[in-house]
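Only one structure is covered here, and it is reproduced in the block below.
Counting starts at 1 for both ligands and their atoms, in listed order.
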Amino acid sequence: MQFQVKQGDLSTAKTPCLIVPIADRTRLDGAAATIDKAGDGALSAILKKGDLSEDCGGIQMLYDLPGAQAERVLLLSLGEPEEWNRAKQRDALASAFGAVERSKATSATLSTAGWIQNGDATTLARDIAIAAIDAGYHFNQCKSDAKAPRHPLKKVILLTASRAETKDARIGIEQGRAIGNGMSLTRDLGNLPGNLCTPKYLASKARAMGRQAGGLKVRVLDEAAMKKLGMGALLSVARGSRQPARFIIMEYKGGKAGQKPVVLVGKGVTFDAGGISIKPSAQMDEMKYDMCGAASVFGTLQACLEMELPLNVIGVVPSAENLPDGDASKPGDIVTSLSGQTIEILNTDAEGRLILCDALTYVERFKPAAVVDIATLTGACIIALGHEASAVMGNDESLIDELKQASEEAGDRVWQLPLWDEYQQQLDSNFADMANIGGRPAGSITAGCFLSRFTKNYSWAHLDIAGTAWKSGKEKGATGRPVPLLTTWLIERAGK
Ligand code: BES
Ligand code: MN
Ligand code: ZN
């Protein structure tokens, strides 16, 4: 997708499609007012007919509208001004770009004028870029007849009123494009089926990213290297699979040489059948999405590369496949983690924490400023928060606050769950230092408690994205979350 920001008047813009926001239809302003004036009231006459829905996101396509030089004018209802907020702005833009995508227009023009303000041109531009990329996202890599959409939107032009606004909008477009493209990569990796997206595939993808982009150093550990280090917990998960595990390290050095890095650790279980504690078969296909945490690390790093963000960021992806087999780990098995702590595997389906705990110990060597792990970790998280919010937990309230703030800004929600000491005893084991499950009560929290035993030496937060990383049913597909949250957070940190 190509974006262009320039100063200009949209009533004279010659474009296949002009997107015109309508805030108050009785008192037109901004883009709508300009066009109405140039067309001697033609637009207000059309609005009086009342076909444009008053709900936020309502659209109506007009052709050859007097007052505009565009082939099409897409009216976009912003709804009640009192109810307007960032979320509505995103919804409205999604609706508009959806309509453009369905039309034959391959380029669209909007202006910064006429929106109900609740931010600056940077925020508006960021939302525009994300919405435009999102509307054009399709996953059809695996269809034999991979029909490309016939009239994809290729170009978006944003017109501004001043030089200052142009400067702000360009920053927003750059950030939004990086977030949008990062989300697309995350969605592609998530949607790719388990037979194609294996630990080896993720490693090759990382290497390819490293080759493409200067500034990304990639290293991959194979099982022999992991064994030598002592990653007994991670390796215990891969035992039941013919696919060997991989441990992927991607170092992005955008910051100063001595600057402590932010580390992102993503769960990369490329398929989770549960192992010997096998899952029921209904909807098991969706466990190809059990590497969405890893995918979000890839997507966020790609966004950093695209923005040339001045920050040091390290992405770490422990990756394995969790299947039942004669050689698979069994309930009751005890393994020794990289930290030296022993773990009784009471349920082989609680495998995410087993691969993450070794990764969380490994990243100590980077002396991180902060570590955030991202994982489709517990079904209990969906019971607690549904599909609206990811859960956030951790050992540093100020880090959690930063993430909460970034999540608000990005419209990529999180909700905090407590990691009180009292929950820790649910992990007691008679035979090892800890068990890998804590029973049914507070399942997401006890998973967080388990991880907290490996993160004592740095500032850490955990994101459980089980409910937010993908959608089920008719709209089945990866969402690209939490790339908006992570990228927004890193942008904030780089600015400080
Ligand atoms: N990947 C799953 C969690 C999951 C399940 C995410 C369904 C999204 C939808 C994870 O590995 C898992 O199986 N967790 C178990 C933990 C339990 C055995 C303590 C779960 O949630 O049932
Ligand atoms: Mn599992
Ligand atoms: Zn899993």
Side-chain angles (χ1 to χ4, degrees), residues 190 194 197 199 202 233-234 236-241 243 245 265-296 317-325 328-333 343-359 373-391 417 423 426-429 434-451 462-473 476-479 481-482:
C197 183
L202 287 179
L234 194 166
S236 76
V237 174
R239 285 185 70 122
S241 169
Q243 299 293 339
V265 178
K267 172 178 175 182
V269 173
T270 56
F271 191 79
D272 180 14
I276 296 299
S277 313
I278 197 164
K279 286 183 182 296
S281 40
Q283 288 166 33
M284 206 206 268
D285 66 289
E286 295 188 8
M287 282 298 113
K288 72 175 181 178
Y289 290 117
D290 214 14
M291 36 56 70
C292 281
S296 76
V317 169
S319 183
E321 189 180 58
N322 188 25
L323 292 183
D325 178 75
S329 294
K330 306 168 290 297
D333 284 2
I343 303 161
E344 184 183 17
I345 302 175
L346 287 175
N347 190 320
T348 64
D349 198 11
E351 85 298 339
R353 59 197 82 181
L354 294 174
I355 69 168
L356 287 170
C357 72
D358 280 348
D373 78 74
I374 310 102
T376 47
L377 203 61
T378 62
C381 189
I382 309 175
I383 305 302
L385 299 175
H387 301 287
E388 301 308 319
S390 308
L417 299 179
Y423 291 110
Q426 288 181 236
L427 296 171
D428 286 352
S429 157
M434 71 193 87
N436 78 327
I437 53 169
R440 299 242 309 152
S444 303
I445 293 174
T446 53
C449 285
F450 182 94
L451 299 178
H462 158 60
L463 294 173
D464 193 331
I465 58 166
T468 55
W470 77 90
K471 289 183 180 166
S472 310
K476 193 188 288 183
T479 60
R481 290 177 70 181

Spell out, as yes or no, whether a donor-acceptor pair under 3.5 Å connects the side chain of [X] to the backbone of [Y].
X	Y	value
Asp464	Thr378	yes
Ser277	Asn347	no
Ser241	Leu323	no
Asp358	Leu234	yes
Lys267	Thr376	yes
Ser236	Ser329	no

Considering only non-hydrogen protein atoms, determine which one is nearest to [atom] and report residue, atom name and distance to 0.1 Å.
atom	value
atom 7 (C) of ligand 1	Met287 CE, 3.5 Å
atom 18 (C) of ligand 1	Asn347 ND2, 3.4 Å
atom 6 (C) of ligand 1	Ala466 CB, 3.7 Å
atom 10 (C) of ligand 1	Leu377 O, 3.3 Å
atom 20 (C) of ligand 1	Gly379 N, 3.9 Å

Tell me, with the steps shown, if Ser472 and Gln283 meet side chain to side chain donor-acceptor pair (under 3.5 Å).
-> CA-CA 9 Å; Ser472 310; Gln283 288 166 33; 5.1 Å; no
Ligand 1 contacted by Val269 (non-hydrogen, < 4.0 Å) | no
Using a strict cut-off of 4.0 Å, indicate which atoms of ligand 1 neighbour a heavy atom of [X].
X	result
Ile382	8 (C), 9 (C)
Ile437	19 (C)
Thr378	3 (C), 21 (O)
Lys267	1 (N), 10 (C), 11 (O)
Glu351	11 (O)

Please say whether [X] places an N or O atom under 3.5 Å from an N or O atom belonging to ligand 1.
X	value
Arg353	no
Trp470	no
Asp349	yes

Within the 2.8 Å cut-off the protein N, O or S neighbours of the Mn ion (ligand 2) are Asp272 OD2, Asp349 O, Asp349 OD1, Glu351 OE1
Quick one: are [X] and [Y] in side-chain contact, heavy atoms under 4.5 Å?
X	Y	result
Thr348	Leu354	no
Asp290	Glu351	yes
Leu377	Leu356	yes
Lys288	Trp470	no
Asp373	Arg353	no

Hits for salt bridge (Lys or Arg N to Asp or Glu O under 4.0 Å) against Arg481, two or more places apart or cross-chain, chain-then-number order -> Asp412
Region of [X] engaging ligand 1 - heavy atom pairs below 4.0 Å:
X	value
Asp290	side chain
Phe450	neither
Glu286	neither

Is it true that the side chains of Thr270 and Gln243 contain a donor and an acceptor less than 3.5 Å apart?
-> no
Does any donor atom in the side chain of Ser390 or Thr468 lie under 3.5 Å from an acceptor atom in the other side chain?
-> yes
Asp285 and Lys476: side-chain contact (heavy atoms from CB on, under 4.5 Å), yes or no, with the steps?
-> CA-CA 11 Å; Asp285 66 289; Lys476 193 188 288 183; 2.6 Å; yes
If you leave out waters, which protein N, O or S atoms are less than 2.8 Å from the Zn ion (ligand 3)?
-> Lys267 NZ, Asp272 OD2, Asp290 OD2, Glu351 OE2
Quick one: does atom 1 (N) of ligand 1 have a protein heavy atom under 4.0 Å from it?
-> yes
Only counting residues at least two apart or in another chain, list the ones meeting side-chain contact (heavy atoms from CB on, under 4.5 Å) with Glu344.
-> Ile334, Leu346, Ser429, Phe431, Ala432
Once you round to the nearest 0.5 Å, how far does OG1 of Thr446 lie from CG of Asn436?
-> 10.0 Å
